[in-house]
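Since the structure comes first, as structure tokens, the remarks are kept for the end.
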Amino acid sequence: MSAARKRPRASQSRAILALDLDCFYAQVAIRSRPHLANRPVVILQKHLCVTSNYVARRLAHGAVQKMTPVSTALKACPDIVCIDGSDLTPFREANAEVLAVIRAWLHAKVTELGVGSFPIPCQKLGFDEVFIDVSRLVAEQVTAGGRPWEFQGHIFGRTDDDASRRALMVASQLASELRKEITLRTKLTLCAGISESKLLAKLAVNMNKPNDQTIFLSGDAAQYIAGRHPRSLPGFGYAVEGKISAWAKRNGKEDIKTAADVVQWFGDGKKGFASLAKVLDNDDQARKILELCQGTDTSPVIESGDAPKSLTSMDSFRSCTKIEDAERRVTIRAKDMVTRLRRDWELYGRRPKTLTVGFRFRGDGYHATMRAIPMPQEIVSLCSSKGADAADRSIIALSRAALFVLKDHAGVSASSTFDMTLISIGASAFTENKTEKNATSTKKETVASFFAPKEGKGMSSVCRPPNGRLLQNRSSPNPRRPLSPNASFSRCPICNEVLSSLLAKASLHVDQCLRRSETVSPARKRSKTASNTFRVDTFFQRK
DNA sequence: TCGTTAAAG
DNA sequence: TTTTCTTTAACGA
């Protein structure tokens, strides 16, 4: 009809896949605990359920959602199995596994075309999502011709553009094959959204869950977006909503309801753009937001690479007023960071130039502050040396550096009064170590060979902590199985005391413990491991 | 280069 | 809707 007037530029239209692993943490946790496959499962961080599997969601009738307190979840579904998700290692590894499968499959796909090699950008978003720009792959497949193309999966929307329809047909077949491959290799299911932009692909990926895929044909995308709450658009966050809301209030408007409101208030022309830029105090963001609200997203898929750009380890808590407690917490972070830094060295042969230390004090609300210093040489060299001894020494060095920053920039010391609620240690500004064999040549080899061929029991042996006499770890990668099918962790994640196998009782304890936690000396509470536990203070004295 | 803010999962 | 733990990008200084 009006297709001729719209002049769709088929040559420029892209084909983007958005992949999203189903309830990622829960899937990964259950994969290594097959006996939980049909049970309701939640993953805990502190006292909160950060994810749940679909069995739990069904049984709890919607009462278990993203940041639900354990106590609430247990009331809604007393049978629920709680798994401690405070160690993110298995999730990071599963993420790398999935990415390795994607890259291998993509590479094979390109190769089989026989038109030479070309890159296919993959952009990670969190541990469980990835965007893939398959435009080039689709174009080559269309050129190669052959089979009759058809859609795979659910179709949302419509289009008048034949070229775009065919491109998304091909893309949906790629998505379908890729999903099968990922599930076959990793035993993890996922959804896919297929469209011409990251925005639309991402909206599509959530339309049919779990383990399914949706094609978003963009003919009516603008109208569809117009009717939605703008907060549901990726990129339109809390702060932007706040600023626009405040503006609406000042100007006697109704509160912001739909993306159409935003377009109406600020227009889609040049001058409207300027007024939103003023409200947001940022030209580029204003343009982006206005486009978003009209269903337009031209942002490219940026290749993320395999290695993360930075590493952070953080801990938040109700209160920390004693220097020994601060030292203990810092040392736990340092241990985690050293483990990951050593792993990073193995995989990528690079070193961080910057050390960041974050902190937050009571009364600061959610406001955390960070300070950066050059990463001490001692730490990086120890992190690239083999042996448990080097690991221990670098934990000590890192702890001392972080404690120094805390003392110097935040006034946290034995002689000061403070009440911290957060500590974090980060490593960033990585430099490739080009001189070594560890660099690019073996890098691909290592990553690929590390994850790909592991079939049976790979995971747990993969990331063994540097076996220190430091800090006996209560959440080791593979803890003993629960005694009762109703009890999934045997110790309180807060005080580490042995828990009742009766869930209701255990959860009551955890809740109470949470309330009075951090005010009680943790050293005393962890009596079981106390004799083997590394004492920060004594260690610092003798070094 | 440092530090903050915002966004995402 | 501030509760968990992480990663990234952009921006101002």
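Sequence lines set the chain letters: A, B, ... in the order given, protein chains first and strands last, and positions in each chain run from 1. Here the structure is a predicted model, which is why all the values come from computation and not from measurement.
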Give [X] one of three labels, base, sugar-phosphate or nothing, depending on what nucleic acid heavy atoms sit under 4.0 Å from its own.
X	answer
G235(A)	sugar-phosphate
H409(A)	nothing
T356(A)	nothing
P69(A)	nothing
T369(A)	sugar-phosphate
L233(A)	sugar-phosphate
F24(A)	nothing
K288(A)	nothing
D20(A)	nothing
R231(A)	base

Rounding to a whole Å, what distance do you find between [X]:[atom1] and [N]:[atom2]?
X	N	atom1	atom2	answer
L19(A)	dG9(B)	CG	P	14 Å
K198(A)	dT8(C)	NZ	P	14 Å
D315(A)	dT4(C)	CG	P	9 Å
H47(A)	dC5(C)	NE2	C1'	14 Å
M370(A)	dT7(C)	CE	P	12 Å
I289(A)	dA10(C)	CD1	C1'	14 Å
F91(A)	dT7(C)	CZ	P	13 Å
M314(A)	dT8(C)	CE	C1'	15 Å

Among the candidates [options], find the nucleotide nearest to the side-chain atoms of [X].
X	options	answer
F127(A)	dT4(B), dT7(C), dA7(B)	dT7(C)
S313(A)	dT6(C), dT4(B), dA9(C)	dT6(C)
K353(A)	dA8(B), dT1(B), dT6(C)	dT1(B)
P374(A)	dT4(C), dC2(B), dG9(B)	dC2(B)
R333(A)	dG9(B), dT8(C), dT6(C)	dT6(C)
M67(A)	dG3(B), dC5(C), dT3(C)	dT3(C)
L88(A)	dT8(C), dT1(C), dT6(C)	dT6(C)
K202(A)	dC11(C), dG9(B), dT1(C)	dG9(B)
D336(A)	dA7(B), dT4(C), dT6(C)	dT6(C)
R340(A)	dT4(C), dT6(C), dG3(B)	dT6(C)

At what distance, to the nearest 0.5 angstrom, does [atom1] of [X] lie from [atom2] of [Y]?
X	Y	atom1	atom2	result
E93(A)	F127(A)	CD	CZ	11.0 Å
S195(A)	R14(A)	OG	CZ	9.5 Å
I182(A)	E97(A)	CD1	CD	11.0 Å

At under 4.0 Å, does any side-chain N or O of [X] touch on OP1 or OP2 of [N]?
X	N	value
R371(A)	dT4(B)	yes
K124(A)	dT7(C)	no
T312(A)	dT6(C)	no
T354(A)	dC2(B)	yes
R92(A)	dT7(C)	yes
H367(A)	dT2(C)	no

Name the orientation class of the two ring planes belonging to F91(A) and Y25(A) (parallel below 30°, tilted from 30 to 60°, perpendicular beyond 60°). parallel

Using the C1' atom on both, measure dA6(B) against dT1(C) and round to a whole Å. 16 Å

Taking the basic N atoms (NZ, or NE/NH1/NH2) and the acidic carboxylate oxygens, is any pair closer than 4.0 Å for E346(A) and R343(A)? yes

Does R360(A) pair with D419(A) as a salt bridge, N-O distance under 4.0 Å? no

Between S310(A) and D281(A), name the one whose nearest nucleotide on DNA chain C is closer to the 5' end. S310(A)

5'-most contact on DNA chain C (nearest-nucleotide basis), I302(A) vs Y366(A), goes to Y366(A)

side-chain contact (heavy atoms from CB on, under 4.5 Å) partner of L178(A), chosen from L19(A), V134(A), L190(A): L19(A)

Tell me if a side-chain donor or acceptor on K309(A) pairs with a main-chain N or O of S304(A) at a distance below 3.5 Å. yes

